[in-house]
Amino acid sequence: MDVYLDNNATTVVDPKVFEEMKPFFCDIYGNPNSLHKFGAGTHPKMVEALDFLYEGINAADEDDIIITGNATESNNTVIKGIWVDKILKGDKNHVITSEVEHPAITAACKFLETQGVEVTYLPVNEEGVLEASKVKEFIREDTALVTIMWANNETGKIFPIKEIGQICKVAGVAFHSDGTQAIGKVPVDVQDCNLDYLSFSAHKFHGPKGVGGLYVKKGSELTPLLHGGEQMGGKRAGTVDVASMVGMGWAMHLATSTMAIAYEKNHVSKLRDKLENAILELPETIVIGGKDNRTPNTTLISIRGVEGESMLWDLNQKGIGASTGSACASEDLEANPVMNAFGSDSELAHTGVRFSLSRFNTEEQIDYAIDVIVNAVKRLRGISSSYAYAPQSHKSEL
Ligand SMILES: Cc1ncc(COP(=O)(O)O)c(CNc2co[nH]c2=O)c1O
């Protein structure tokens, strides 16, 4: 049986989304910017897609949503646009972010540092969550941007975006959130959170890969990352991938409308809890960051004595897909930086396995996964010299 439990990395395209995308490959294939009927034929479904996107994040009509290639591009557009408009051309020189952001934020901030910008990487608490008070403590007169993720891709921990938005509003500082792991899992309301910018990526909520969005509040427009044609009103040059844009709109519509069933009615969180609790029955296992305040589909579990990569290999042999953290960082065998940020010891940071579910997982799949995981842990611990010689409880460490 194949069981896909790595939905924070990417998700299957919802069949309904795929159906809505199909006409735009061989039937309605005009360039949206062409003046003839072949181009104009794409417009109704593009408008529908934008309506779905605005509705899904509660954007105001006067605000903008720019179609990008992915969340990485959306994040870079904000951070480099702020650099150009408020730092190079303005009197600011400081950016605030957190220690546990995705590399799409951290690497862009590191680039700014190479250009002389000061960046504050705020620490998270022992549960892996940034406390809003930290933002207030470090905001300065010359702070150009606060950028904090809505939900962490490895732990699922949800950050206090509404509180941080209020702090930024009072301080008059631009506020961006990387909403990639929140859309379709928890309610996202850009107006309620005083956001100037929000990034998202369709393939995280059952849309196609290679298309994302950037919400821009009216009055917070930035210098574009990509210059060229007049697409998106010149805010993001390049011919729009119409099929993917339509797909992202429908994915947003389905993800946010089914959330009340799939998530808030606890379908997904019930399956996540069943999987998590079964693993926690094993000795020396712990949920990294604890169980509170998480997206309903994610669990990052440390299994002492079992290297994360070894576990993934065993699971893969039995048809189960999971991860040790962000696929973007999975290739190297360095300790998980997010777990390091919690102050986890090196061994613990190497023993994390992330399971991230979706509305397409079933109870039968979870029952099968539990059986495979329990047997894999027994096998791997049985052949582990270190575990055999140094069993120790680390529950007090986190
Ligand atoms: C919070 C967050 N931001 C940005 C990105 C980048 O999205 P993309 O540009 O569409 O690729 C990811 C992808 N996160 C993961 C990719 O693989 N495993 C993950 O956890 C993410 O989790």
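In each ligand, atom 1 is the first atom listed, and ligand 1 is the first ligand listed.
By the 4.0 Å N-to-carboxylate-O rule, Lys235 lies too far from Glu221 to be salt-bridged with it. With respect to the salt-bridge test (charged N to carboxylate O, under 4.0 angstrom), the residues Lys270 and Glu363 do not qualify. Ionic pairing of Glu113 and Lys110 is present here: one or more N-O contacts between side-chain nitrogen and carboxylate oxygen are shorter than 4.0 angstrom. Using a 4.0 Å cut-off between a side-chain N of Lys or Arg and a carboxylate O of Asp or Glu, Asp64 and Lys217 do not qualify as a salt bridge. Taking the charged nitrogens against the carboxylate oxygens, Arg294 and Glu276 do have a contact shorter than 4.0 Å, which makes a salt bridge.
Residue contact check: Ser201 has heavy atoms under 4.0 Å from atoms 8 (P), 10 (O) of ligand 1. Per-residue contacts place Arg354 under 4.0 angstrom from the following atoms of ligand 1 (heavy atoms of the residue considered): 18 (N), 19 (C), 20 (O). Per-residue contacts place Asn153 under 4.0 angstrom from the following atoms of ligand 1 (heavy atoms of the residue considered): 19 (C), 20 (O), 22 (O). Contact atoms of ligand 1 toward Met149: 1 (C) (distance under 4.0 Å to a heavy atom of the residue).
For Trp150 and Phe159, the distance between ring centers is not under 6.0 angstrom. Taking the ring centroids of Phe360 and His206, they lie under the 6.0 Å cut-off.
Only the side chain of Lys204 comes within 4.0 Å of ligand 1, counting heavy atoms alone; its backbone N, CA, C and O stay farther away. At a heavy-atom distance under 4.0 Å, no atom of Glu154 approaches ligand 1. At a heavy-atom distance under 4.0 Å, atoms from both the backbone and the side chain of Ala71 approach ligand 1.
Here's the thing with Asn75: none of its N/O atoms is less than 3.5 angstrom from an N/O atom of ligand 1.
Of the listed options Thr72, Thr298, Thr180, Thr72 places a heavy atom closest to atom 9 (O) of ligand 1. The heavy atom nearest to atom 11 (O) of ligand 1, considering only His203, Gln181, Glu101, is found in His203.
Ligand 1 lies out of reach of Lys209, whose nearest heavy atom is not under 4.0 Å from it.
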Which is it for Asn152 and Gln181 under the side chain to side chain donor-acceptor pair (under 3.5 Å) test, yes or no, and what are the steps along the way? CA-CA 7 Å; Asn152 183 267; Gln181 294 292 345; over 6 Å; no
